[in-house]
2 protein chains.
Amino acid sequence: MASVGIKDVAARAGVSVATVSRVLNAHASVSPAARARVLDAVEALGYRPNTLARSLRTDQTRTLGLVISDVLNPYFTELARSVEEEARALGYSIIFGNADERPEIQDHHIRTLLDRRIDGLLVSPTDGGSPLVLDAARAGTPMVFVDRWIAGVDVPVVRADGSAAVRDLVAHLHGLGHRRLAIIAGPATTTTGSERVAAFRDALAEYGLDLPDAYVGQGDFQAASGRRATERFLDLPTPPDVVFAADNLMALGALDALRARGLRVPDDIALAAFDDIPWFVHTDPPVTAIAQPTGELGRAAVRALTDRIEGRTPRSVTLPARLVVRRSCGEAAAPGPRTARKPEGAPRDHRP
Amino acid sequence: MASVGIKDVAARAGVSVATVSRVLNAHASVSPAARARVLDAVEALGYRPNTLARSLRTDQTRTLGLVISDVLNPYFTELARSVEEEARALGYSIIFGNADERPEIQDHHIRTLLDRRIDGLLVSPTDGGSPLVLDAARAGTPMVFVDRWIAGVDVPVVRADGSAAVRDLVAHLHGLGHRRLAIIAGPATTTTGSERVAAFRDALAEYGLDLPDAYVGQGDFQAASGRRATERFLDLPTPPDVVFAADNLMALGALDALRARGLRVPDDIALAAFDDIPWFVHTDPPVTAIAQPTGELGRAAVRALTDRIEGRTPRSVTLPARLVVRRSCGEAAAPGPRTARKPEGAPRDHRP
DNA sequence: AATCCTCGTGTAATCGATTCCACGAGGAGG
DNA sequence: CCTCCTCGTGGAATCGATTACACGAGGATT
């Protein structure tokens, strides 16, 4: 049970603990003979350094914290995967925290992470300005925001800019003859919650279209809220002819609501979503979505954070999102050969 | 920068570090006056104990490791979520590792976790018998297997038993007139890889049906392999009329392959999957699947592990999976009111 | 009034590493 | 042959907590 420590290695190799530590850390000079004996002892004893002790002494854990808003959301799942991958390549470990879109759980994880003395924190804030996050940032904890961010703190942000893609989407919808466009927004306290609505409204304005309050549903990025918002739209005197969900989970909820009413997409009503995921190829119908360069975002975020940790100057990064047209908004009017649609016969792999 | 330590608290409260530690840990007796002064000091200084130091001394981290096979798989994602939730309720933290179905990455995570001196390990082994896992188990690391397991070690297993549900599935398929049934298996090195094939074969036998080798596709639980296996089936002189994928990702791949060939489900070929996920309600067509009690599994696994850690006797748990019939295998022949199908008009929430 | 508990508290050892400093041996330079 | 470096090495302090042990004060017991 008593796991082997550096002392045991030292004893077996016939050297002091200092020497063992030196060979293990490729430090100063150690004679080839001693080094060999130490290495042998390490091997023979199956010695593994105690990370806790090491970190306590050196004051660095080579560990990064990642707090995401919702693990059940494929977008964040893919983000988490790329973050871990890049971190591992850079010699860091990742500890994840899942906030489940709940600020108090988010704070719980952040506190735990801080208590563990992680070297840096990657956050996609669930709310607009947790005092905990703000304090940590001001206290000097290396931090970078991914996807969502909080204004007013000097923390680099790595995110996708969807405005051009949203404009493309609106153009696409307008071209298909849709005029009454509604959106299911995320919480106004999150940047992605408000920005996507703003981008949508701006794009509509370019086509002389208005975005009435009744056409802005309030969601929370989870499926159930998408369902509720959609039902509300359908109960309106003049329901919209397009519903644009600000994330994939709410789009799923919208699909649920539409199916429950027996409505057909896109014939009765069109649907589009922010965030593209593999499943959207196979839904009935395949859904038109705005795809973020998720893997790139994750990698860039890790690089920014490690830059900050290792004394380099971190840069904020904004990458463009792009529109992926499928069938959920309707076909081009022309009865000829389908043109505007990207062929998806040889679907992309779900693994980069 | 120099974060506040127990010494600073002690100084401010005018007591010794021992007393501070005592109030923080609700230990022995401390006078109300001293306790109050300590608490004030903690508050004023914003003191947070250093987990590293504490764990080093006490030899326990109140942290559990969870190594899952693939984060991109919604099944594991849901499992991870329930595991974390239950662990949090029990006062433990979880550190996740994503093996990406690659044994070497799995081992990397296990090693890292062990180096961190986690109190226990939850593993869903990617391969049949990583020496690392075996050694750790034998060395006394508290461990429990979830979903998949490794034979020959005395480690509790928490999993779902799908055999009854597979039998139900075969009955359903047989009733629909299908006779040529194929399966896309997972790696034979995993228990879920081989067990599901065995259950399928047994169930077929009950109906006097055979499972020829050509109808056993070899997959690796990832989408691309489902696609490849399906293509191979379709190239057979007599292709199967049903494809049963042993997990949801391979089912996705199968759907891809079917769509690429222009085949219609279930008219041209039927499809079923192991693991039910919210998206299966919305695919084209909705897919018939075997649902595991994922949340229950996660919670049971955590309880088994904490039992082991805290000196109680852990129990293995096996929960039944159940068949969820949708449209991907065809409609019941009788033209009367649809009976066998569970109404899904008010779809379940994607959040328990 | 002497003795014995009990209670509250502080001193110091400890966990397992890293690292500063000192020291002895041996080679180079004078 | 003496001095001075350099190199390899060990001793011991340190990181920030927990906790065994000792000790003094005060109340209860006889």
Side-chain angles (χ1 to χ4, degrees), chain A residues 1-42 45-63 93 111-112 114-119, chain B residues 1-42 45-63 93 111-112 114-119:
Chain A
M1 189 94 307
S3 63
V4 335
I6 199 173
K7 280 205 263 274
D8 306 295
V9 176
R12 185 175 229 267
V15 298
S16 73
V17 296
T19 299
V20 175
S21 177
R22 277 189 278 254
V23 351
L24 260 31
N25 295 285
H27 258 325
S29 46
V30 177
S31 71
R35 147 168 286 108
R37 288 209 312 282
V38 168
L39 261 16
D40 282 354
V42 166
L45 267 30
Y47 168 73
R48 297 246 82 207
N50 185 325
T51 326
L52 269 44
R54 190 211 292 277
S55 294
L56 174 60
R57 185 63 235 261
T58 61
D59 202 44
Q60 54 152 319
T61 52
R62 290 204 75 82
T63 299
S93 294
R111 212 177 322 260
T112 306
L114 257 21
D115 285 353
R116 263 177 214 286
R117 304 303 198 258
I118 47 156
D119 292 343
Chain B
M1 189 91 309
S3 63
V4 335
I6 200 174
K7 280 206 260 274
D8 307 293
V9 176
R12 186 176 228 267
V15 298
S16 74
V17 296
T19 299
V20 175
S21 176
R22 278 190 276 255
V23 349
L24 260 30
N25 295 285
H27 259 325
S29 46
V30 178
S31 71
R35 146 168 286 107
R37 289 209 311 282
V38 169
L39 260 16
D40 282 354
V42 165
L45 266 30
Y47 168 74
R48 299 246 81 208
N50 185 324
T51 326
L52 269 42
R54 189 210 293 277
S55 295
L56 175 60
R57 185 61 236 260
T58 61
D59 201 44
Q60 56 151 316
T61 51
R62 290 205 74 82
T63 299
S93 294
R111 212 176 323 260
T112 306
L114 258 19
D115 286 353
R116 264 177 213 286
R117 302 306 197 256
I118 46 157
D119 292 343

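Order of the sequence lines sets the chain letters (A, B, ...), proteins ahead of strands, with each chain counted from 1. All values below were derived from every heavy atom in this structure, side-chain atoms included, with hydrogens, water molecules and symmetry-related copies excluded.
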Check your understanding: Among C:dG8, C:dT18, D:dT18, which nucleotide sits nearest the side chain of B:S29?
Key -> C:dG8

Review point. Which whole-number value in Å describes the distance from B:R116 CZ to C:dA17 P?
Key: 16 Å

Practice item. Would you mind reading off the distance between B:L24 atom CG and D:dG16 atom P, rounded to a whole angstrom? Key: 16 Å

Exercise for review: Grab the NZ-P distance between B:K7 and C:dA12 for me, whole Å please.
Suggested key: 13 Å

Check your understanding: Sequence neighbours excluded, which residues qualify as side-chain contact (heavy atoms from CB on, under 4.5 Å) partners of B:I6?
Key -> B:V17, B:V20, B:S21, B:Y47

Output a table of donor-acceptor pairs, distance under 3.5 Å, between side-chain atoms of residues 52-59 of chain A and any protein atom two or more places apart or on a different chain; print 'none' if there are none.
from  : atom 1 : to    : atom 2 : distance (Å)
A:R54 : NH1    : A:N25 : OD1    : 3.2
A:S55 : OG     : A:T51 : O      : 2.9
A:S55 : OG     : A:Q60 : O      : 3.3
A:T58 : OG1    : A:R54 : O      : 2.9
A:T58 : OG1    : A:Q60 : N      : 3.4
A:T58 : OG1    : A:Q60 : O      : 3.4

Practice item. Taking side-chain contact (heavy atoms from CB on, under 4.5 Å) as the test, write out the residues that go with B:V30, two or more places apart. Key: B:T19, B:R22, B:V23, B:A34, B:R35

**Study point:** Nucleic acid contacts - residues 9-18 of chain A versus DNA chain D, non-hydrogen atoms under 4.0 Å
**Key:** A:G14, A:V15, A:S16, A:A18

Revision key, fill the gap. Atom CG of B:L52 and atom C1' of C:dC15 are separated, to the nearest Å, by 12 Å

Review point. Between B:N50 and D:dC15, does any side-chain N or O lie under 4.0 Å from OP1 or OP2?
Key: no

Study note, to complete from the structure: B:R62 meets the salt bridge (charged side-chain N to carboxylate O under 4.0 Å, His left out) criterion, sequence neighbours left out, with none

Check your understanding: What pairs with A:R12 under side-chain contact (heavy atoms from CB on, under 4.5 Å), at least two apart in sequence or on another chain?
Key -> A:A41, A:A44, A:L45

Please enumerate all protein N or O atoms sitting under 3.5 Å from an N or O of nucleotides 21-26 of chain C, with distances to 0.1 Å.
none

Review point. Looking at residues at least two apart in the chain, or sitting in another chain, which of them share a side chain to side chain donor-acceptor pair (under 3.5 Å) with A:R111?
Key: none

Revision key, fill the gap. Closest to the side chain of A:T19, out of D:dT9, C:dC7, D:dT19, is D:dT9

Practice item. Using the side chain to side chain contact (heavy atoms under 4.5 Å, CB included) rule, take B:R48 and B:S3 through it: C-alpha gap first, then chi angles, then the decisive distance, then the call. Key: CA-CA 9 Å; B:R48 299 246 81 208; B:S3 63; over 6 Å; no

Point to revise | N/O (side chain, A:S31) to phosphate O (OP1/OP2, D:dT9) under 4.0 Å | key: yes

Practice item. Check salt bridge (charged side-chain N to carboxylate O under 4.0 Å, His left out) between A:D40 and all other residues, then give those that pass, not counting sequence neighbours. Key: none

Practice item. Mind running a 4.0 Å heavy-atom check of residues 54-62 of chain B against DNA chain C and sending the residues that fall below it, in number order? Key: B:L56, B:R57

Practice item. Take the C1' atoms of the five end pairs on each side of the helix from C:dA1-D:dT30 to C:dG30-D:dC1, derive the two axes, and give their angle rounded to 10 degrees. Key: 50°

Study note, to complete from the structure: Among the nucleotides C:dT18, D:dT18, D:dA17, whichever has the atom closest to the side chain of B:P49 is D:dA17

**Study point:** Partner set under side-chain contact (heavy atoms from CB on, under 4.5 Å) for B:T63, not counting sequence neighbours
**Key:** A:R116, B:T61, B:S93, B:I95, B:I118

Review point. What is the distance from CD1 of A:I6 to C1' of C:dC15, rounded to the nearest Å?
Key: 13 Å

Exercise for review: Using whole Å, report how far CG of A:D115 lies from P of D:dG16.
Suggested key: 14 Å

Point to revise | Derivation of the side chain to side chain contact (heavy atoms under 4.5 Å, CB included) call for B:V15 and B:V38 | key: CA-CA 8 Å; B:V15 298; B:V38 169; 3.9 Å; yes

